[in-house]
Each structure stands twice: as structure tokens, then as C-alpha cells.
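To keep things clear, I will list the structure first and then write my remarks on it.
Keep in mind that this is a model prediction, so the values were computed, not measured. Note that ligands are numbered from 1 as they come in the structure, with each ligand's atoms numbered from 1 the same way.
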Amino acid sequence: MAAPGENMKINGDRLWDSLMEMAKIGPGIAGGNNRQTVTDEDGVGRHLFADWCKAAGMTMGVDTMGNMFARREGTDPDALPVYVGSHLDTQPTGGKYDGVLGVLGGLEIIRTLNDLGVKTKHPIVVTNWTNEEGTRFAPAMLASGVFAGVHTQDWAYDREDHDGKKFGDELARIGWKGDEEVGARKMHAMFELHIEQGPILEAEGKDIGVVTHGQGLSWTQVTITGKDSHTGSTPMPMRKNAGLGMARVLEAVDQIAWSHKPHAVGAAGHIDVYPNSRNVIPGKVVFTVDFRSPDLSVIEDMEARLRVEAQKICDDMGLGIEFEKVGGFDPVTFDEGCVTAVRNAAERLGYSHMNLISGAGHDACWVNKVAPTAMVMCPCVDGLSHNEAEEISKEWATAGADVLMHAVVETAGIVE
Ligand code: HGY
Ligand code: MN
Ligand code: MN
């Protein structure tokens, strides 16, 4: 005799259709998405998600960081809810599934439970976390970080984008600054479904990643100053070329990461060159060094070596250099009980699975500080993400959402 809900499956076609519908909002230029945080496009995506949640009979709460919480009642209104979600904001050249799969996968759980008339003891809350990407306003996972008490709201509101606009002002401008106190909500547990954004699951032929840990992240913003001068008439010995200084520092960044192979990684994705004119030697460059490792001591070593080696490079070249830590979090160990619920769900459903350390950061990494949390991952084609060509299969999306549903429902408790 099957246990209650043992054979429940989500509607993969409906999930896929919702993913494709959301992908129409904030389209990129090459088939992906550019729905950056607290832009007008983000606002439109939020309204679509809110409409879908209302149609599924849920009530919506929004906190002062714009985090969205769509609630399906349980039979015990006093029981702490089980949360499930991710983020709808994307990279400027983002894919259709990074974050979105986790939010719409959560919505699909509710739609399926409604179809089946299944009740749970604990309420279930589907969540859209604001500004997970940290592209327009650093750092990544900004709003889940405020929710978890890692950042103050005032500090978050003052974060500026490239044009000097403030996060708090932009959140208010798009009309999604809620009135709920951020962080006041208490959770029974939180689960996040996310594409792997790496090559392991596909290479191993596994449907499901049971995420036991998340690697740590460090973002150091580096400002190198030299002297603007003419690229044609300035003799080589007289140049104070901040751009060349950056090039040598980035070579050092690469060597530092390689020195901790096979797990550590390092690069700079954000680079601003001033005055960025074809015939002016750059007098200033600002860039962000992104180091990551599952091992905190390795991250700390890479950060320390960056400062020493970059300082020497600039001293030898007569350039100025400043460092500012603009983001980071320690390696994460997810809750064993929640991880086991994910693994049991994959087993029960007959999906192939393996333990995984998340290479990317996620809102779950911060929420894990305030509630038992775990993640479910599905493969993505060639491990590619943060690229408009990001792709997954409907089967992978369905398997991920099935496992997510069983882990969530098992934790929320089915009521006969
Ligand atoms: O940076 C990250 O790992 C995440 O994709 N925001
Ligand atoms: Mn993401
Ligand atoms: Mn991302």
C-alpha cells in the first residue's frame, strides 16, 4: 500500500509552459533573459508571478526588501510554514532557468497539490528572493542576506548601481517595497531547486543533485590608479598604465586559484576602465575579484595573497591600489534532515542522484543560517549558466520539481 502522496508527480508540461511564459519578460538579445533586479522588467515578472499565485489560491506577503512570500494554508495555521523558492532576477546575459526554475517549481508544487486536493499540516510558502544575482547591486543574495541578518537593511538600501542609483530607491520605484518587516518570518524549513550551473550531473548521467554543501565566496573590489595620458605621444617609460597593472593582477589571480587546484576558482567578471577612451591610457580601473572554494582556509589564503601580490605589482609600476571587500560568505553545510528528505525523495521516485557541493551561491546559503535548509539540483546542458544559451530539458526540470515536491510535502506533513 503506497504511503499517502507517495506517487505524486508534478505536471511537467505546465511547469515548462510557465518557464517559457516568464522567459518572455525581460528578453535577452540571444534567447536568454536580461531581467535584472528592481528594473521595470523585474517588476513585470513579479506581477506575473503574483497573478499565478493568486490564481492558485495563495495569499501574498511582501517584505521591505521586496521578498515575495505566497502562502498556501496548512491544516494547522500555527505550524511554521515550509518555504520553497529561489529568485526571478537574472544576469544581464542570463538564462531562462537560473533561479526561475526554483520559484516556478515551487508554484508547480502548489498547483499539483491543488489538483490532487492534498492538504498538508504545515503551510507552504513559495518565495521570490530579491536581487540574488548581485550584478546591478552588489553583493549577490542581497535580500536573503538581510532576511538572515547578515546585512542591515539601511546598508542594502544604499547599495548603488553603475549609474549611482540606490537599491532602496529602485525597489520603491518599481512598486515592490513591501511593508512586512524583513526577517520577521520564521520557517519550519526551506528548500530551493536550482540548475547546477556546472557540468557534474550531466557528465555523471545523474538526474538529481542532493546538495550537501555550498562552496564559499569572496568578492574583493580592487581600484588601481595611474595617470590618464595620450596613447600616442606618451613615451613608454613615462606611462602610469592602470590597465596594464590590472592585467598583471588578473594573471596573478589566475595563478593563485590554480595553486589551490582542483577545487578553488578565481576570476574577475566586473571591470570598469576609466576614461575608457581608445586613445587614452587608463588612469583608473575598478574590478571585482571573485574567489571561491569549499574550504574557508583556502579562500582566506587567496584573499591574503591577492592583496600582497597585487600591492607589489602596483608598487613596482608606480601605481596606486585600494582593496574593498564587497561580498562573501563562508562555505555552507546544509541541514542533514532536509538533505535526507531530498535524497529519500529521489530514491522513492527512482531518479538517479548524487551528492553535490554547489559551485554557485544561492539564497539557500543565507537562509541556512536561520532555518533548516537544503537544495535540489538538476543538470544543465554542458554545465553552462550565466550565459543566454543556458539550457535544460523538460525531463530534468520535471525530475527536479518532483523531488522538490516530495521533500517539501514530506516535511510539511500530508494530512489524510
Ligand atoms: O554568484 C553566484 O554564485 C550566484 O549565481 N549569484
Ligand atoms: Mn541563481
Ligand atoms: Mn545566477
Legend entry - Separation between CD1 of Ile208 and CE of Met377, rounded to the nearest 0.5 Å: 11.5 Å
Legend entry - Lys/Arg-Asp/Glu bridge criterion (N-O < 4.0 Å) met for Glu251, Arg248: no
Inset, instruction - Compute the minimum heavy-atom distance from His386 to ligand 1 and say whether it is under 4.0 Å. - result: yes
Inset, instruction - To the nearest 10 degrees, calculate the angle at the Mn ion (ligand 2) involving NE2 of His194 and NE2 of His87. - result: 110°
Legend entry - Polar side chain donor-acceptor pair, His87 to Asp98, under 3.5 angstrom: yes
Legend entry - Protein contact to atom 6 (N) of ligand 1 [nearest heavy atom, distance to 0.1 Å]: Glu132 OE2, 3.0 Å
Inset, instruction - Report the nearest protein non-hydrogen atom to atom 1 (O) of ligand 1: residue, atom name, distance rounded to 0.1 Å. - result: Arg292 NH2, 2.8 Å
Inset, instruction - May I ask you to check if ligand 1 and Asp98 share an N or O to N or O distance below 3.5 Å? - result: no
Legend entry - Donor-acceptor pair between Thr152 and Asp154 side chains, under 3.5 angstrom: no
Inset, instruction - Hey, can you tell me if His188 and His122 have their rings parallel, tilted or perpendicular (30° and 60° cut-offs)? - result: parallel
Legend entry - Distance-only polar pair, side chains of Glu108 and Ser18, donor-acceptor under 3.5 Å: no
Legend entry - Donor on one side chain, acceptor on other, Tyr83 and Glu192, under 3.5 Å: no
Inset, instruction - Give the numbers and elements of all ligand 1 atoms closer than 4.0 Å to a heavy atom of Glu133. - result: 5 (O), 6 (N)
Legend entry - Contact flag Asp98/the Mn ion (ligand 2), N/O/S atoms, threshold under 2.8 Å: yes
Inset, instruction - Please indicate whether any nitrogen or oxygen in Gly361 is less than 3.5 Å from any nitrogen or oxygen in ligand 1. - result: yes
Inset, instruction - Hey, can you tell me if Phe167 and Tyr157 have their rings parallel, tilted or perpendicular (30° and 60° cut-offs)? - result: tilted
Inset, instruction - Answer yes or no for His362: is there an N/O/S atom below the 2.8 Å cut-off from the Mn ion (ligand 2)? - result: no
Legend entry - Angle subtended at the Mn ion (ligand 3) by OE2 of Glu133 and NE2 of His386, nearest 10°: 120°
Legend entry - Distance filter under 4.0 Å to Ala360 heavy atoms, resulting ligand 1 atoms: 3 (O)
